[in-house]
Colleague: 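The structure is given below, and queries will be raised subsequently.
Residue numbers start at 1 and run along the sequence shown. Hydrogens, waters and symmetry mates are skipped; everything else that's a heavy atom, side chains included, is used.
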Amino acid sequence: MSVKKSLILMLFAASAFFVGCGSTNNDDRNTYEAVTRDVFAMDTYMNIKAYGKEAETALEEAENRIHKLEEELSTTSETSDIWKINHSNGNEVALCDDTAVLIEKAIEVGSCTNGALDITVFPILKEWGFTTGEYHIPEKAKLDTLLSNVDYRKIEIDGNSVSIPYNSEIDLGALAKGYTGDEIMKIFKSHGIDSAIVSLGGNVQAIGSKPDGSAWKVAVRDPFSPDTDMCVVEIKDKAVITSGNYERFFTDDYGQKYWHIIDPDDGYPTDNGFVSVTVIGDNGLNCDCLSTALFVAGEDGYENIIKEYADYDFIFVTDDEKILYTKGIADNFQNISSMTAEVIAVD
């Protein structure tokens, strides 16, 4: 079993921890049993849980939406928008609405983070073998050649039409599950559901609170020991999304670890001081983008970025085993690891 699949299955085993409920008030939600559904899509296992009169219908619609987004955003399906873009030879491609929204967001966040998020890094990700599992360390000359085509600013988008330079390729993996979570939340709300939680391969997003009115408790993995939890945060109407160096990686013959989050400046796995970044906020798409961008920005670049997103909270784990978190979650944060945790002071 792969490391990725093992982590996902452990998350499911712990799911009762963050979705438990009670029946201590007169809220109508307590008259409904939880409706759950497991889905495999976007190369990951997903779990959806909701309470409400129309929960079964909502989960059916949510699963259909997940598969539709997978069809549109896949890098391997020849019918997807991304495949068409990556095989366009520089020509303009017509997009569905979802793809256009995500590319616009990727360009926006790329600009706000000084290129820390760059969806054109995909050819380098492939060269390392992270898309196929055929891992190897590329020759520097090969990386330098590929880097010449990495620059999100060269993407040209006008409404639902996009073009990228010849020999460039994109991947929306850093945005797709966050956007999917937001879309599921829309479906739930359209069916009157005000208590629900989803886990999309580790991306957790919730509507409201538990049926008893208490907050959902979400555990964040310890990047130094991924089979254990590092901290717990309590949320209502929030997403909790983490990027870490333990999610997809390989180790060479000398014990050196290489992970899948690539630095667009040099083409190597990002090694800028963070081993895990968690973003907490009311928009899953932003949380997903920022978790990757902040991992790449690292200790030297994260402060300017989080100032731009003052409505969000963040948990950083440094490579010297310290936990840094923003004061907005101070009352809802519990450190259950042996690491030192401290609040970040941001002016």
Colleague: I'd like to know if D98 pairs up with R65 as an ion pair, taking the criterion as any Lys NZ or Arg NE/NH1/NH2 lying under 4.0 Å from an Asp or Glu carboxylate oxygen.
Modeller: yes
Colleague: Please enumerate all residues that pass side-chain hydrogen bond (donor to acceptor under 3.5 Å, both in side chains) together with N114, with sequence neighbours excluded.
Modeller: none
Colleague: List in chain and number order the residues that pass side-chain hydrogen bond (donor to acceptor under 3.5 Å, both in side chains) with Y325, two or more places apart in sequence or in another chain; answer none if no residue qualifies.
Modeller: none
Colleague: Looking only at the side chains, is there a donor atom on one of S168 and N149 sitting less than 3.5 Å from an acceptor on the other?
Modeller: no
Colleague: For residues 55-62, which side-chain donor-acceptor pairs fall under 3.5 Å, sequence neighbours excluded?
Modeller:
unit_1: E56; atom_1: OE2; unit_2: R37; atom_2: NH2; d: 3.2
unit_1: E60; atom_1: OE1; unit_2: R37; atom_2: NH1; d: 2.7
unit_1: E60; atom_1: OE1; unit_2: R37; atom_2: NH2; d: 3.3
unit_1: E61; atom_1: OE1; unit_2: H191; atom_2: NE2; d: 3.2
unit_1: E61; atom_1: OE2; unit_2: H191; atom_2: NE2; d: 3.0

Colleague: Name the atoms and distances for all side-chain donor-acceptor pairs under 3.5 Å in residues 254-262, with sequence neighbours left out.
Modeller:
unit_1: Y258; atom_1: OH; unit_2: D252; atom_2: OD2; d: 3.2
unit_1: W259; atom_1: NE1; unit_2: T270; atom_2: O; d: 2.7
unit_1: H260; atom_1: ND1; unit_2: R248; atom_2: O; d: 3.4

Colleague: Listed by chain and number, what are the ring-ring contact (aromatic ring centres under 6.0 Å, His included) partners of F122, not counting sequence neighbours?
Modeller: none
Colleague: So, D151 and R153, do they make that salt bridge, N to O below 4.0 Å?
Modeller: yes
Colleague: Kindly write out the residues that satisfy side-chain hydrogen bond (donor to acceptor under 3.5 Å, both in side chains) with D320, not counting sequence neighbours, or none if the list is empty.
Modeller: T318
Colleague: List for me each residue that meets side chain to side chain contact (heavy atoms under 4.5 Å, CB included) alongside T340, sequence neighbours excluded, and say none if there are none.
Modeller: none
Colleague: Could you note down all residue pairs passing ring pair (Phe, Tyr, Trp, His ring centres under 6.0 Å) where residues 67-121 supplies at least one of them, sequence neighbours left out?
Modeller: W83-H87
Colleague: Counting only heavy atoms not in E108 (residues, nucleotides, ligands), do more than 12 fall under 6.0 Å from its CD?
Modeller: yes
Colleague: Could you tell me whether K186 and D182 have a side-chain N and a carboxylate O separated by less than 4.0 Å?
Modeller: no
Colleague: Please list all pairs meeting ring pair (Phe, Tyr, Trp, His ring centres under 6.0 Å) that have one or both residues in residues 270-294, counting only residues at least two apart or in different chains.
Modeller: F274-Y302, F274-F316
Colleague: What are the two closest heavy atoms between W128 and P269, and how far apart are they?
Modeller: CZ2-CD, 3.5 Å
Colleague: Please evaluate residues S225 and D227 with respect to the criterion side-chain hydrogen bond (donor to acceptor under 3.5 Å, both in side chains), reporting the C-alpha separation (whole Å), side-chain torsions for both, the decisive distance (0.1 Å), and the verdict.
Modeller: CA-CA 6 Å; S225 182; D227 58 341; 3.0 Å; yes
Colleague: What residues, two or more places apart in sequence or in another chain, satisfy side-chain hydrogen bond (donor to acceptor under 3.5 Å, both in side chains) together with E72?
Modeller: K68
Colleague: For residues 280-288, run the donor-acceptor check on the side chains, cut-off 3.5 Å, and write out each pair with its distance to 0.1 Å, sequence neighbours left out.
Modeller:
unit_1: N283; atom_1: OD1; unit_2: L285; atom_2: N; d: 3.1
unit_1: N283; atom_1: OD1; unit_2: N286; atom_2: N; d: 2.7
unit_1: N286; atom_1: OD1; unit_2: K105; atom_2: NZ; d: 2.8
unit_1: N286; atom_1: ND2; unit_2: Y312; atom_2: OH; d: 3.0
unit_1: D288; atom_1: OD2; unit_2: G178; atom_2: N; d: 2.8

Colleague: Check whether any side-chain N or O of S214 sits under 3.5 Å from a backbone N or O of K210 as a donor-acceptor pair, and report yes or no.
Modeller: no
Colleague: Run the ring-ring contact (aromatic ring centres under 6.0 Å, His included) test against Y135 and tell me which residues pass, sequence neighbours left out.
Modeller: F130, F250
Colleague: Would you sort out whether S74 and S80 count as a side-chain hydrogen bond (donor to acceptor under 3.5 Å, both in side chains), showing the intermediate values?
Modeller: CA-CA 6 Å; S74 169; S80 77; 4.9 Å; no
